[in-house]
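These notes concern the structure reproduced below.
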Amino acid sequence: MTTHRGPRAALAAATTLVALTACSALGTGDAATPDATGGASGGTVTLVTHESFGLSDGLLEKFEQDSGLTVKVVQQADAGALVNQLVLTKDAPLGDLVYGIDNAFASRALDEGVVVPADVTAPAAADAQTYAVPGDDDGALTAIDLSDVCLNVDSTWFADKGVTPPTTLESLLDPAYRDLVVVPDPVTSSPGLAFLLATVGAFGEDGWAGYWAGLRDNGLKVADGWSDAYYTDFSGAGGDGPRPIVLSYASSPPVTVPEGGDTPRTAALLDTCFRQVEYAGVLAGAKNPEGAAQLLDFLLSDDVQADIPGSMYMYPVSSSVDLPDDWARWAPLAEKPFEVAPADIAEHREEWLSTWSDTVIG
């Protein structure tokens, strides 16, 4: 699987991939040390996450200093691969806390019992509850951040060609946009899967496959992953690609403001979006559940929530965080993103992917 949020990792230059079998220790050791309040704390807490996890320099180190804990990070490619590994290893968990399970895979994680409830005390916990997974009455998963997967257009390309850009999913079927659209494969890309879910939400069980057949017939290109689609095929990332319509994020346009300019080259089509929410949870059988709960609170702290837009290119769940000025101007969330119930995703995901492959790839 390719990175589930390639835009964040690439655009924010976030993290380096660490193999699942290895870990990178962010700290000085495992010995217990006094915490900031003078109480005894310490040991190691292991965070299992995806490859796009990354915070600004100093934040994790400050948490270690304040808590007396040493944080180890174990990274997997993307949300789908992450959940698969958690299920396979649930009798011998890979760590203590997981971060990065999104709403496309949340129901599976809950059904498999890989996470357990924790006592979350951070003030942003109330905001996180807004995005609780339906049916997760015990709160085993806590929302940390969110974003909208949306089609993006190269506004400069359309202006130069004198062509009106599309605005809706349906408009992409217009012959005026033949051979102009590229999306990542939903089988190998989580943004791609999110867009597939957007079409299920928009056209329903009986209509989404026909919509994809229409895209196919109108010259749709499918790339292996987001990076290929955005940086190779899309014209708006560097100006070299041949296609001016790409699947990306609502938060992508601010990054395309040219040097010395104040207006992005690209725009997100906010009537084409599917909202991704990322969750964290204490792993069942964790060796250090107390440390995991502390780390979970840290992810909801004001410092981390304020850092998320710049370091991970997601929207924080905290309502007390001020977004960067360019986000407020150029990266609004969709007012009415398409939705699919997590339980329906869990039940039909493989079936939908198979149908998509048969329809689009053949």
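Please read these numbers as outputs of a predicted model, since none were measured by experiment.
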Rounded to the nearest 0.5 Å, how far apart are [atom1] of [X] and [atom2] of [Y]?
{"X": "Asp145", "Y": "Asp102", "atom1": "CG", "atom2": "CG", "result": "10.0 Å"}
{"X": "Leu295", "Y": "Leu60", "atom1": "CG", "atom2": "CG", "result": "7.5 Å"}
{"X": "Glu278", "Y": "Leu299", "atom1": "CD", "atom2": "CG", "result": "10.5 Å"}
{"X": "Ser251", "Y": "Met314", "atom1": "OG", "atom2": "CE", "result": "7.5 Å"}
{"X": "Glu339", "Y": "Asp344", "atom1": "CD", "atom2": "CG", "result": "12.0 Å"}
{"X": "Trp157", "Y": "Phe234", "atom1": "CH2", "atom2": "CZ", "result": "11.0 Å"}

Kindly give the heavy-atom pair with the smallest separation between [X] and [Y], and that separation in Å.
{"X": "Tyr249", "Y": "Ala268", "result": "O-CB, 4.2 Å"}
{"X": "Val277", "Y": "Ala143", "result": "CG1-CB, 3.9 Å"}
{"X": "Ala104", "Y": "Leu197", "result": "CB-CD1, 4.1 Å"}
{"X": "Val321", "Y": "Gln305", "result": "CG2-CB, 3.7 Å"}
{"X": "Glu61", "Y": "Asp57", "result": "OE1-C, 4.3 Å"}
{"X": "Cys150", "Y": "Leu270", "result": "SG-CD2, 4.4 Å"}

Can you run down the ring-ring contact (aromatic ring centres under 6.0 Å, His included) pairs that involve residues 58-98, sequence neighbours left out, and say none if there aren't any?
->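 Counting only pairs at least two positions apart or across chains, the ring-ring contact (aromatic ring centres under 6.0 Å, His included) contacts touching residues 58-98 are Phe63-Phe298.
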
Summary of ring-ring contact (aromatic ring centres under 6.0 Å, His included) pairs that have at least one residue in residues 164-206, sequence neighbours excluded |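 Of all non-adjacent pairs touching residues 164-206, those that pass ring-ring contact (aromatic ring centres under 6.0 Å, His included) are Phe195-Trp212, Phe203-Tyr211.
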
Considering only heavy atoms from C-beta outward, does the side chain of [X] approach that of [Y] to under 4.5 Å?
{"X": "Leu146", "Y": "Val317", "answer": "yes"}
{"X": "Pro186", "Y": "Leu353", "answer": "yes"}
{"X": "Ser248", "Y": "Pro191", "answer": "no"}
{"X": "Asp185", "Y": "Trp356", "answer": "yes"}
{"X": "Pro134", "Y": "Pro342", "answer": "yes"}
{"X": "Thr164", "Y": "Phe158", "answer": "no"}
{"X": "Leu247", "Y": "Trp226", "answer": "no"}
{"X": "Ser354", "Y": "Asp358", "answer": "yes"}

Side chains of residues 109-127: which donor-acceptor pairs under 3.5 Å do they make with residues two or more places apart or in other chains?
{"residue": "Glu112", "atom": "OE1", "partner": "Lys90", "partner atom": "NZ", "Å": "3.0"}
{"residue": "Thr121", "atom": "OG1", "partner": "Asp297", "partner atom": "OD2", "Å": "2.6"}
{"residue": "Asp127", "atom": "OD1", "partner": "Ser319", "partner atom": "OG", "Å": "3.1"}
{"residue": "Asp127", "atom": "OD2", "partner": "Ser319", "partner atom": "N", "Å": "2.9"}
{"residue": "Asp127", "atom": "OD2", "partner": "Ser319", "partner atom": "OG", "Å": "3.1"}

Please step through side-chain hydrogen bond (donor to acceptor under 3.5 Å, both in side chains) for the pair Ser311 and Ser56, ending with a clear verdict.
-> CA-CA 6 Å; Ser311 64; Ser56 294; 4.9 Å; no

Grouping I, L, V, M, F, W and Y whenever their side-chain heavy atoms are under 4.5 Å apart, do [X] and [Y] come out in a common cluster?
{"X": "Phe338", "Y": "Leu333", "result": "yes"}
{"X": "Val187", "Y": "Val181", "result": "yes"}
{"X": "Ile245", "Y": "Trp330", "result": "no"}
{"X": "Leu88", "Y": "Leu97", "result": "no"}

Can you sort out the partners of Phe274 under ring-ring contact (aromatic ring centres under 6.0 Å, His included), two or more places apart, ordered by chain and number?
->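 For Phe274 there are no ring-ring contact (aromatic ring centres under 6.0 Å, His included) partners, ignoring immediate neighbours.
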
Residues which pass ring-ring contact (aromatic ring centres under 6.0 Å, His included) with Tyr131, listed by chain and number, not counting sequence neighbours |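 Not a single residue meets the ring-ring contact (aromatic ring centres under 6.0 Å, His included) criterion with Tyr131.
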
Output yes when a side-chain donor or acceptor of [X] lies under 3.5 Å from a complementary backbone atom of [Y], and no otherwise.
{"X": "Asp136", "Y": "Leu141", "value": "yes"}
{"X": "Thr188", "Y": "Asp224", "value": "yes"}
{"X": "Arg275", "Y": "Ala334", "value": "yes"}
{"X": "Asp96", "Y": "Thr46", "value": "yes"}
{"X": "Asn218", "Y": "Asp174", "value": "yes"}
{"X": "Arg265", "Y": "Val257", "value": "no"}
{"X": "Thr256", "Y": "Thr266", "value": "yes"}
{"X": "Thr272", "Y": "Leu151", "value": "yes"}
{"X": "Ser147", "Y": "Tyr315", "value": "no"}

Indicate the ring-plane relationship of His348 and Trp352, choosing parallel, tilted or perpendicular according to the 30° and 60° boundaries.
->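 Answer is parallel, since the angle falls under 30°.
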
With respect to Val153, which candidate in Pro253, Pro166, Ser235 satisfies the side-chain contact (heavy atoms from CB on, under 4.5 Å) definition?
->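 The passing option is Pro166.
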
Within the supplied structure, the quantity of interest is the number of heavy atoms (other residues, nucleotides, ligands) at a distance under 6.0 Å from [X] [atom1]; does it exceed 12?
{"X": "Gln129", "atom1": "CD", "value": "no"}
{"X": "Asp325", "atom1": "CG", "value": "no"}
{"X": "Glu335", "atom1": "CD", "value": "no"}

Please test Asp233 against Arg243 for salt bridge (Lys or Arg N to Asp or Glu O under 4.0 Å), starting from the C-alpha separation and ending with a verdict.
-> CA-CA 6 Å; Asp233 297 305; Arg243 294 182 178 243; 5.8 Å; no

List in chain and number order the residues that pass salt bridge (Lys or Arg N to Asp or Glu O under 4.0 Å) with Lys62, two or more places apart in sequence or in another chain; answer none if no residue qualifies.
->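 Counting only residues at least two positions away or on another chain, Lys62 forms a salt bridge (Lys or Arg N to Asp or Glu O under 4.0 Å) with Asp66.
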
